[in-house]
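Notes follow the structure.
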Amino acid sequence: MTFRLYDTATREVRDFVPLVEGKAGLYVCGLTVQSEPHVGHVRSGVNFDVLQRWLRHRGYEVTFIRNVTDIDDKILAKSAEQGRPWFNLAYAMHRELGRAYDALNVAPPTYEPGATGHVPEMVELITELIGRGHAYPAEDGSGDVYFDVKSWPSYGELTHQGVDDMEPAEDADPRGKRDPRDFALWKGWKKATEPETAAWPSPWGPGRPGWHIECSAMAGKYLGPAFDIHGGGVDLRFPHHENEQAQSRAAGRPFATYWMHNAWITTAGEKMSKSLGNSLTIPNVLERYRGIELRYYLVAAHYRSHVEFSFEALDEAAVAFRRIENFLERAGVVEPGDLPQAFVDAMDDDLGTPAAVAVLFDMVREGNRADDPTVHAGQVLAMLDVLGLNPADPAWAGSGAGAADDKLKAAIDALVVGLLDERTAAREAKNWARADAIRDQIKKAGIEVEDTPTGPKWSID
RNA sequence: GGUGGGUUGGCCGAGAGGCGAGGCAACGGACUGCAAAUCCGUGUACACGGGUUCAAAUCCCGUACCCACCUCCA
């Protein structure tokens, strides 16, 4: 069986056939680093991390490029509001994003390029487009350069839309455009309102990148004119990805073979960026849940399915995941084994993580039933590794909260162990009243005691 | 106006013509001093109305409601 994935461009599940056998080139649109990342933002990080891991497991040599947009209108606006340089805001939020990815065990991509570091590549691409008659410098002297949509007949092919059916944006500023649907490749420096640091030299005067061009330029630089998979959130399909494809192909680059788009996470029926958001930033959520629990929540849903976020659902996910952890603890530390075929089949089918997770739980049940769960536990670990959910992965220890937790646990253990010894003695003397009193006392502190064949164990409720 | 996606049991969430994915919760049983954990068992779900078929949650037609994108949102 081959790996199959849903291609947004053709709207069907297709066999994955890489351009070069044994290799996979992957480009994912990362974030605009303008504010603290929230749960919705990291979904794409987790989804494409699973893709990366699965491709590697399938034996592909993966080159995974995930960019960061570190200059744009919003960054400039916000930094002005906050009274700090735009590059400081972008850099701070970039680091915050990195911490969020680390806390969720999102493995780093091969490289994470930023827009500001690739202006020469963009200038080169824009020059090529102008030379081929697909782009033009604005006639209003603004220093903008636009892509000429009408010069590219297949514009709209990715999202299956006719240019003439598109509704012009309400707030569209025609500026020096020939057609309102033309989009900016290069934005001239607005001396009056924009800091000089936000402008780079170009043949069309000082300015900064248009949004779409950066991805075309960086994908081209690191993956070549043609590569295998391009990913991002559904909202990026249009205009961002449509424009990326148009400008790349108009410049003679075949661009991506497959397009993958992850669905939204909403809260109260709204996309997260619209809602209050604050409680849903990753640092906030991680105060209440472990990164591994949040990751499990995200992985348990299919990447193309809309998820309605709620803390109740996250609670449930955390409980479900603890069932797996309980099993692993009971089974003891083991080496990862082989992946069950059903799991492989599920993952091969467009990253069917929900079905894969079902296989995981089936294996946990079988292991719980078995006299010797070693083999089952090995298979469970192998599956968790692929999903980035292995609790023993050192990646989880890296987060600050985890280290503090360990210290706390050691302290509690020292305090509780004496009480537990006393309770064990009481139980041996069949003094149930005393034994239960101790258990109740500990429970009042929020610590659950359970008796196992190897003696009592405690855990924080 | 254009283009997509969705509506599944108490809840979360899969599936895409024919044995009720999986998890949580609930109930019964086993185990336990009692619990916990674990195991076993218990469910007549697929928005609505038609149709196709031996067989429809799944295909077709229609209706309702929800959501996303249409120039800088993952």
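Here the structure is a predicted model, which means the values were calculated and not measured. Quick note on labels: first sequence line is chain A, next is B, and so on, each numbered from 1. Computed over heavy atoms, backbone and side chain alike; hydrogens, waters and symmetry mates excluded.
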Euclidean distance, atom [atom1] of residue [X] to atom [atom2] of [N] [Å, nearest integer]:
{"X": "A/Arg323", "N": "B/C12", "atom1": "CZ", "atom2": "P", "value": "21 Å"}
{"X": "A/Leu298", "N": "B/G13", "atom1": "CG", "atom2": "C1'", "value": "14 Å"}
{"X": "A/Ile442", "N": "B/C34", "atom1": "CD1", "atom2": "P", "value": "20 Å"}
{"X": "A/Glu428", "N": "B/C34", "atom1": "CD", "atom2": "C1'", "value": "17 Å"}
{"X": "A/Asn262", "N": "B/G4", "atom1": "CG", "atom2": "P", "value": "20 Å"}
{"X": "A/His302", "N": "B/G22", "atom1": "NE2", "atom2": "C1'", "value": "16 Å"}
{"X": "A/Glu316", "N": "B/G22", "atom1": "CD", "atom2": "C1'", "value": "12 Å"}
{"X": "A/Lys74", "N": "B/U71", "atom1": "NZ", "atom2": "C1'", "value": "13 Å"}

One should read off an interatomic distance between A/Leu5 CG and A/Glu12 CD, to the nearest 0.5 angstrom, of 11.0 Å
NE2 of A/His261 to CG of A/Leu158, rounded to nearest 0.5 Å, is 6.0 Å
Under 3.5 Å for both donor-acceptor distances, Watson-Crick or wobble: does [N] have a partner, and if so which one?
{"N": "B/U71", "answer": "none"}
{"N": "B/U53", "answer": "none"}
{"N": "B/U63", "answer": "B/A47"}
{"N": "B/U58", "answer": "none"}
{"N": "B/C34", "answer": "none"}
{"N": "B/G10", "answer": "B/C24"}

Nearest to the side chain of [X], which nucleotide is it out of [options]?
{"X": "A/Ala301", "options": "B/G13, B/C12, B/C70", "value": "B/G13"}
{"X": "A/Asp235", "options": "B/G23, B/A74, B/A36", "value": "B/A74"}
{"X": "A/Trp264", "options": "B/C73, B/U71, B/C40", "value": "B/C73"}
{"X": "A/Arg330", "options": "B/C73, B/A37, B/C70", "value": "B/A37"}
{"X": "A/Gln161", "options": "B/U3, B/U71, B/C12", "value": "B/U3"}
{"X": "A/His160", "options": "B/G13, B/C34, B/U3", "value": "B/U3"}
{"X": "A/Arg423", "options": "B/A74, B/G33, B/C69", "value": "B/G33"}
{"X": "A/Leu236", "options": "B/A74, B/G33, B/C73", "value": "B/A74"}
{"X": "A/Ala320", "options": "B/G23, B/C34, B/A74", "value": "B/G23"}
{"X": "A/His306", "options": "B/C67, B/A74, B/U71", "value": "B/C67"}

For a quick check, tell me whether the side chain of A/Arg439 and the base of B/C34 share a donor-acceptor pair closer than 3.5 Å. yes
Measure distances between side-chain N and O atoms of A/Asp362 and base N and O atoms of B/G22, and say whether any donor-acceptor pair falls under 3.5 Å.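 Answer no: no donor N or O sits under 3.5 Å from an acceptor.
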Please classify the nucleic acid contact of [X] as base, sugar-phosphate, or nothing, using heavy-atom distances under 4.0 Å.
{"X": "A/Ala358", "answer": "base"}
{"X": "A/Leu360", "answer": "nothing"}
{"X": "A/Tyr101", "answer": "nothing"}
{"X": "A/Asp315", "answer": "nothing"}
{"X": "A/Val449", "answer": "base"}
{"X": "A/Gly30", "answer": "sugar-phosphate"}
{"X": "A/Gly232", "answer": "sugar-phosphate"}
{"X": "A/Arg237", "answer": "sugar-phosphate"}
{"X": "A/Asn47", "answer": "nothing"}
{"X": "A/His261", "answer": "nothing"}

Quiz item: Are A/Phe227 and A/Tyr222 near enough that their ring centres are under 6.0 Å apart?
Solution: no
Kindly say if [X] contacts the phosphate of [N], meaning a side-chain N or O under 4.0 Å from OP1 or OP2.
{"X": "A/Ser305", "N": "B/A14", "result": "yes"}
{"X": "A/Arg369", "N": "B/A37", "result": "no"}
{"X": "A/Lys457", "N": "B/A36", "result": "no"}
{"X": "A/Asn368", "N": "B/C39", "result": "yes"}
{"X": "A/Arg11", "N": "B/G4", "result": "yes"}
{"X": "A/Arg304", "N": "B/G6", "result": "no"}

Would you call [X]-[Y] a salt bridge at under 4.0 Å N-O?
{"X": "A/Arg322", "Y": "A/Glu325", "answer": "no"}
{"X": "A/Glu157", "Y": "A/Arg249", "answer": "yes"}
{"X": "A/Arg4", "Y": "A/Asp349", "answer": "yes"}
{"X": "A/Asp49", "Y": "A/Arg66", "answer": "no"}

Between A/Asp73 and the options A/Lys190, A/Arg208, A/Lys78, the salt bridge (charged side-chain N to carboxylate O under 4.0 Å, His left out) test singles out A/Arg208
Would you say A/Phe361 stacks on B/G22, if stacking means ring centres under 5.5 Å apart and planes within less than 30 degrees?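 No; by the centre-distance and plane-angle rule, A/Phe361 does not count as stacking on B/G22.
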Looking at A/Thr452 and A/Thr454, would you say the former's side chain and the latter's main chain have a donor-acceptor pair under 3.5 Å? yes
